Amino acid sequence: MSELLHFSEHTLQEVALGFMALVYTIRIIWFLGFKAGGDRQAETGPPSTTPAKGVLYSWANIAMPWAMESTRRQYILYAQFVVFHIGVTAAIALSFIIPYGPGLLENQASVLILQIIIGGAFLVGVVRFVRRVGNRYMRAISSPDDYFSLVLLTVWFFFAFLAVPNQTSGGEWHLLGFFIMTAFFLVYVPFSKISHYLYYPFTRYYLGKTMGHRGVYPVGRA
Amino acid sequence: MSEQTTRSHKAEKVLERMGQKLNRQMVGSLLACVHCGLCTETCHYVLANPGDPTYAPAYKGDLIRKLFKRHFDWTGRVFPWWVKAGSVWTDEELEELKDTVFGKCTNCRRCSLNCPMGVDLATFNRMARGLLVSVGIMPEGVAVVSKDQWEIGNQMGVLKEDYLETLEWMAEELQDELDDPEVDIPIDQTDCEVVYYINPREVKYDPRSISDAAKIFHVAGESWTMPSEGWDMTNFGLFSGDDALGGSVAQRLYEKVSELRGKRLVISECGHGFRSTRCEGPNWARYDVPFVMESSIFTMLRYIKEGRIKVDKTRNSRPVTYHDSCNMGRSCGMFEEPRELLELVCSDFREMHPNRAENYCCTGGGGAMSMSEYTPRRLKSGIIKANQLKETGAEIVVTSCHNCVDGLTDVIRHYELGIEVTQLVNLVANALVIEPKVAIPVEEVVEEMVAEALPLAGRTILVADDEPDQLEYLATVFEDNGATVLRAVDGDEALAMATSEKPDLLTLDLEMPGKNVGEVFQILRENPELESLKVCVITGRPELRKLIYDRSVRRPEGYLDKPVTEEQLLINVRKILELAHDEAAAGAEGTP
Ligand code: SF4
Ligand code: SF4
């Protein structure tokens, strides 16, 4: 392993991770600096709806494609979401496995599974990009950050796919590409839409609490 | 737009006040959108305007979000172009924002419940409305209605005497109907179990809902009252985003109930009134309400369950469907109680699809009915509702919201669906089983039937309207009900005919060619020979009301917004003429 690759797998990642953690901490402190709106009203709705149930339902919503009309009707988009985000999780895991647990990749089955997941996510990335560019509604709501983040992730999947076997016999460029991009991500993510997962628990918490208090969550359907 | 160095005073204020309004929930929603587009097809505006992305919820949200990003979020401050952050510099840009937040979104919250990230567009859209209202940028109708609610205390500008007269009139109607002189609509009684609050629309267009509610309270043996002041439970603060107005209106209600030592504030069927009074009001007013607040739906259902009233569902046998009001349903969780009640009072209830939290807006939400400049847009978006209604095969659509009654009526008329719109209170009253006390003599019954069949017999009505369709419509309704009708198509003709023919009633459109309608009205009012002439304004341009109402002469006896249904028209005209008749009789009795 070259010194550059070693640096990319370790020092670069650690510094980038530290930077990301710092920015995220500042971001959360900033966010929590806004006062939380209170609710003086007495509860409405059936007893099966409470703020606590509302919050749990709201958080679990993402795993219940049947719960919302949008995911029920656009199930292909929902499936893409699932594949894409499992791919992200797998690629992040890979960025830790290679430097800290490479033995896991000696098992060919693990390599194959990771490649299938990450390869699938790459394909979804391409499909999503085509949708973002080709669909008039998507174009209208997209920012340069949206396009860039998507392209970046898709290319990252590509390198991750190649990096999974952790082989350097054909050169190190694919591993270098994967780790340098990972580090770039860690630095870029707090400033981009990719940091949405940071806010997700909060937005869904507050929506769930309100909707639970007001008798809407969990949603009952005829 | 290119960077400017000076920002208009209004734009400056909007940004400054945005900072004061932001709370954590709102900031979360402003930060969390990932532009996934999943919400796009959940909005009735998008579905009715295929190919136009400016109606997409995320697009509309971004017009507000960009301000947040540019001024409150570091990413937008450092790289505005990269994240589509932007500022606002001119009043024209604020006007453009107004067009979206008021004219392209009814705050129905359907997209909010369909966003995987939990982005609640309706909440920050309301915030944006409030910011614009705070600098005087709003649709004319919103300004007029807000002013009425601030100054007169109710959003339709109903004067106290009109309100009390209507209650008195309804009490008399009820006494006749039940043949019981003891039946009453009590005003300002203290220590009652129920203090009943209504929507001013009931006074102006639908007094039958007041008498129906009174009938139910009477039969249930309820100890109840209506307040003489602060009786309007609707709250335009919800629509205009003006929390100060919202808080002031809500507080007025709460304090009146406390003053009367009422135990329960019962809210008549109104979606935004219920949400404002029951849910948002305590927050806006920062007031911990010491009594119970409930919708009249709960009250009626309780009466049936407790055996205090008996109902016969076969009296409502026509097929009925139910429209969930967005404010009642998606914002207050009232889904099952109206259905339970419908099953008890109707024999053929059919569900509309989608329903409950997934129902589509009636198109009149968010105060849209008061914004006449957006009517074509609203009606176009109504195709979604129209299709939903048609598919039920129902002859009647029930809704627990006065706003929805108007929105649905408009959609039904526009798409020629021929469906009747009604409320639960009407169906419950119709299904009430009341034991008759005494047999009524046949002659009285015949007299009543004749009076019912031709309620305007012997009256002369001058209809002044320059729209031929409208003129014919009004004239036909009056003629079919026994009136002699005169027609005028401009201001000069209306003035000349009113002066020469001395009709009992003049219905006056506010926008006609010829002499200015305001001046016509003033001349007529100042003519002592026309002292007994009653005037009812019927207009599609509520913002023109000031033509009439800013004059220092006696106000018109009635006011109706177009479109007006036959039933609303008749009820109002009868009320004006019958009250005039009562006054004349009282005057004659008092003459020495
Ligand atoms: S569904 Fe939510 S996250 Fe997706 S575009 Fe709409 S508002 Fe944004
Ligand atoms: S709140 Fe309703 S009208 Fe407004 S964008 Fe969302 S779905 Fe459309």
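Residue numbering restarts at 1 for every chain, and letters A, B, ... go by the order of the sequence lines. Because the structure is predicted, anything quoted here is derived from the model rather than measured.
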Using heavy-atom distances under 4.5 Å, tell me whether B:T40 contacts chain A through its side chain, its backbone, both, or neither.
side chain

Do B:V78 and A:F191 make a side-chain contact, defined as non-hydrogen atoms from C-beta onward lying under 4.5 Å apart?
no

If one checks every heavy atom of A:Y205 against chain B at 4.5 Å, the contacting part turns out to be neither

4.5 Å side-chain heavy-atom contact, A:V216 and B:L113
yes

So which part of A:F34 gets closer than 4.5 Å to some heavy atom of chain B, the side chain, the backbone, both or neither?
both

Does any non-hydrogen side-chain atom of A:R27 lie less than 4.5 Å from one of B:W74?
yes

Is the shortest heavy-atom distance from the side chain of A:P144 to the side chain of B:W81 under 4.5 Å?
yes

Residue A:L32 versus chain B: region with a heavy atom under 4.5 Å:
both

Ignoring hydrogens and geometry, is there a side-chain-to-backbone donor-acceptor pair from A:Y137 to B:G51 under 3.5 Å?
yes

Select one option (side chain, backbone, both, neither) describing which atoms of A:S142 are under 4.5 Å from chain B's heavy atoms.
backbone

Portion of A:I141 that has a non-hydrogen atom of chain B nearer than 4.5 angstrom:
both

Contact check, side chains of B:E358 and A:V219, non-hydrogen atoms, under 4.5 Å
no

So, do B:R330 and A:M211 sit near enough that their side-chain heavy atoms are less than 4.5 Å apart?
no

Main-chain N/O of B:C39 paired to A:S70 side chain as donor or acceptor, under 3.5 Å
no

Classify the ring geometry of B:F68 against A:W30: parallel below 30°, tilted from 30° to 60°, perpendicular beyond 60°.
tilted

Are A:Y206 and B:R24 linked by a side-chain donor-acceptor pair shorter than 3.5 Å?
yes

Note: B:D120-A:R204 ion pair, threshold 4.0 Å (strictly below)
no

Can you tell which part of A:R128 gets under 4.5 Å to a heavy atom of chain B, answering side chain, backbone, both or neither?
neither

A:D146 versus chain B, heavy atoms under 4.5 Å apart: side chain, backbone, both or neither?
side chain

Closer than 3.5 angstrom, by distance alone: can the side chain of A:T203 be matched with the main-chain N or O of B:M117 as a donor-acceptor pair?
yes

Can you tell which of B:R278, B:M293, B:R275 makes a side-chain contact (heavy atoms from CB on, under 4.5 Å) with A:Q41?
B:R278

4.5 Å side-chain heavy-atom contact, A:Q74 and B:N114
no

Are any non-hydrogen side-chain atoms of B:C279 and A:R214 less than 4.5 angstrom apart?
yes

Which residues share a side-chain contact (heavy atoms from CB on, under 4.5 Å) with A:F184, sequence neighbours left out:
A:F148, A:L152, A:Y188

